[in-house]
2 protein chains.
Amino acid sequence: MPTEGPKSPEDRKFVTALSRGLEVLRCFGPRDRWLANQELARRTGLAKPTISRLAYTLTRLGHLRYSETLNKYALGSAAISMGFAALGQMDVRRAARPFMQELSDYTKASVHLAVNDRLSMQVVDTYWNSASFVIDIGSRVPVATTSLGRAWVAALPPAERRRVLAAMRAARPADWPTTRRRFLQAFRDYQAHGFCFGLGDWRREINAVAAPLFLPNGGGPIVIGCSGAAFQLEPERLKRDVGPRLLALLGNVRSALARD
Amino acid sequence: MPTEGPKSPEDRKFVTALSRGLEVLRCFGPRDRWLANQELARRTGLAKPTISRLAYTLTRLGHLRYSETLNKYALGSAAISMGFAALGQMDVRRAARPFMQELSDYTKASVHLAVNDRLSMQVVDTYWNSASFVIDIGSRVPVATTSLGRAWVAALPPAERRRVLAAMRAARPADWPTTRRRFLQAFRDYQAHGFCFGLGDWRREINAVAAPLFLPNGGGPIVIGCSGAAFQLEPERLKRDVGPRLLALLGNVRSALARD
DNA sequence: GACTGCGTTTCGCGGTACGAAACGAGGTAC
DNA sequence: GTACCTCGTTTCGTACCGCGAAACGCAGTC
C-alpha cells in the first residue's frame, strides 16, 4: 500500500503528529544508521524544533536511541520488536515454506517472498539451493527494475498503480522512459500469463519471474518470485516452466491458507 | 530501555499523539493478530474515537492494515520494513556471529542474542548444534524467569532497575516474592561473576547462563546467553566453564566492534 | 574574540486532537 | 416487522497541545 503525506485538506481523522513521527522513523534506511537532527529535518521537511520533540518522544519510547557522543539518533530496540511481532503474524510464511523450498529444489535457483515498502520490495524469506545467486533475508530491491516489483505493481488496482508509477517517475525522471516501457510490457505479461519478468535489468546475468498473491484478509499483495543465473533461467524456460510452476505454488499456498 | 507513558507533568517536549499511536501498535503481541477498535481502546485506555483516528492514520501509513470482513486491524507491511531496517543496522549481530557459533559448537548447546522489549526479551539471533533445545529467532522470553532477562536487569543503572522490578511486581503480584528473591541472587551472581543464571525456572530441565553487553554508542544493554538441557549444562559447569567463555566471547565482540 | 554551525529551549498563538454524545450499521430475538 | 442489542464512526465545541520564529547555548575554527 503506497503511503503518502497528510494531504486531504479537510481530513479530520488524520493525526498529523503521529504521521510525522512515523515519517521520522522511516528516514532510517539500510544505509542510514546514524542521523542527526538536522538531517532528519532536511529529509522530512519539518522544522528543527519539531524534529527535536518528535525524536525526544521516540527515544523515550525506545523506538530511537541517542548517542551522546555523536549527537545522532539510530533506530532502537522497540522497532526491532515490532518488526518481529509483524513477521510472526505473517502466516503466509509458514504456509508457503514447503512449496517455496520445493520450487527452489526443482529450479536450483533461489525463491523469495517479499512485501512492498514504498519504492522497494522487502525480502522477507529466502530459499536457495547450491551456489545459485542469493538475495538474503532482509534485503531490499527496487520496485522499478525487478520482477518482484513489477508483479506487485501489476497486481494493484488502477488508481494505486498510477500513484506508484508517478512516484517512480518523480524519483528518477531520467530513467522514466525505460521504466515506463518495461512496466507496460510487465502489465501485458501479467495479463497474458499471470506473472512478470526481470531479465537482467536489475543485475546483469540475473533472470527472474514473480507473481503476486492477495491474502485472504486484505492488505496489499505480497509477491513470490524465483531468480537465478541467466544461463540457467532462460526467458523461455521462465515462461514455459518456472512461471507456471510459480502459479501452481501460489495456488497451493492459497489453499493451505484457506485450510486452517 | 524500559518505556513508560507520558507522565512527566510539564514535559513540553513530549508529543502525546505520537506516543499514543505507537502504543496502539504495541498492542499487537505475538498472540494478537487481529484486534478490534474496542479491544485497542481497552488495552490502551484511550477513548474509542481516539483509537478510530489513530488507527485510521496508521492504516493510511501502512503500519496497520484493516480487514473489511472482520472489522479488525493487524500489523501492516511498514512495521515489517521498519523491523528489518532496524535489524540490518545492528552490527553487533555480524560481529558476534563467529564467536556465538564457536561457543555453540563447543557447548553443543544453543547460543542466543537478545534485546529487551518491556517485560520480554526478544531473541534476535540463534545458533545451535545437534539436537539441543532451541529458542528460534523471533521468540520472546520473559525477563522475570530467564537468564537473558536477569542479565539485562542486572546491567541496568539502579533507577531503571527499580522501575523494571516495580513493573514486574505490578504485572504478577503473586509471583513477586519468588521473583524478588531470584533477582537478588541474580544481582549477587552478576557482581561476583559478571553473568546470571537461569536454572530450570523458565522451562524445567533447561539451564542457562547469560551476560550483558553495552554497545559503544549508547542504548540499553544487549544480552548474549547460552542455554541447553540441564544434564548437559550443570550449574557447576555453567559457573566454571561456560560462563567464563561467555565473558571471553563478549570481550571478543567488543574488540571486533571497536576494530571497525 | 568574533564567527559559524548545530541543537535545544522559550513562548505566545493557531489550530489540532480530544472525547461526550449522537448517529449508523449489522446482528439477534421474538 | 419492530425493538433491542453491540460496536464503530461522525459530529462538534472546547481545551490544550504541538508548532515554529527567534533567542539561547555550546563547540569548534580561524
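Labels below follow one simple rule: chain letters A, B, ... track the order of the sequence lines, proteins then strands, and each chain is numbered from 1.
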### Message
Quick check on dT9(C): is either OP1 or OP2 less than 4.0 Å from any side-chain nitrogen or oxygen of Lys13(B)?
### Response
yes
### Among dT9(D), dC7(D), dG7(C), the nucleotide that comes nearest once only the side chain of Gln38(B) is considered
dC7(D)
### Query
CZ of Arg20(B) versus C1' of dC16(D): gap in Å, rounded?
12 Å
### Task
Measure the distance from NZ on Lys48(B) to C1' on dA20(C) and round it to the nearest whole Å.
11 Å
### Task
Mark yes or no for a side-chain to base donor-acceptor pair under 3.5 Å between Arg53(B) and dG19(C), with no hydrogen or angle criteria applied.
yes
### Message
Any salt bridge linking Arg20(A) with Glu23(A)? Criterion: basic side-chain nitrogen under 4.0 Å from a carboxylate oxygen.
### Response
no
### Query
Where the side chain of Ser52(A) is concerned, which of dT9(C), dC18(C), dG18(D) is the nearest nucleotide?
dT9(C)
### Interatomic distance, Ile51(B) CD1 vs dA20(C) P [rounded to whole Å]
13 Å
### Summary
Between CD of Glu23(A) and P of dC19(D) the distance, given in whole Å, is 14 Å
### Query
If we ignore angles and hydrogens, is there a donor and acceptor under 3.5 Å between the side chains of Asn37(B) and Tyr73(B)?
no
### Task
Find which nucleotide of DNA chain C each of Leu18(A) and Lys72(A) is nearest to by heavy atoms, and output the residue with the more 5' nucleotide.
Lys72(A)
### Query
Hey, which of these two, Ala36(A) or Pro49(B), hits DNA chain C nearer its 5' end, going by closest nucleotide?
Ala36(A)
### Message
Would you say Thr50(B) places a side-chain N or O within less than 4.0 Å of OP1 or OP2 belonging to dA17(C)?
### Response
no
### Task
When you get a sec, tell me which of dC7(D), dA17(C), dT9(D) is the closest nucleotide to the side chain of Tyr66(B)?
dT9(D)
#### Entry: N/O donor-acceptor pair under 3.5 Å between Ser19(A) side chain and Val15(A) backbone
no
### Task
May I ask you to decide whether Arg26(A) forms a salt bridge with Asp117(A), counting only side-chain N to carboxylate O separations under 4.0 Å?
yes
### Query
dC7(D), dA21(D), dT9(D): which one has an atom nearest the side-chain heavy atoms of Asn37(B)?
dT9(D)
### Query
Rounded to whole angstroms, how far apart are CZ on Phe14(A) and P on dC18(C)?
13 Å
### Task
Measure from NZ or CZ of Arg43(A) to the centre of the six-membered ring of Phe28(A) and say whether it is under 6.0 Å with the direction within 45° of the ring axis.
no
### Task
Can you tell me the distance, in whole Å, between the CG atom of Leu46(B) and the C1' atom of dA20(C)?
15 Å
### Task
Let me know the distance between OH of Tyr73(B) and P of dC7(D), rounded to the nearest Å.
16 Å
### Query
To the nearest Å, how far apart are Leu70(A) CG and dG7(C) C1'?
14 Å
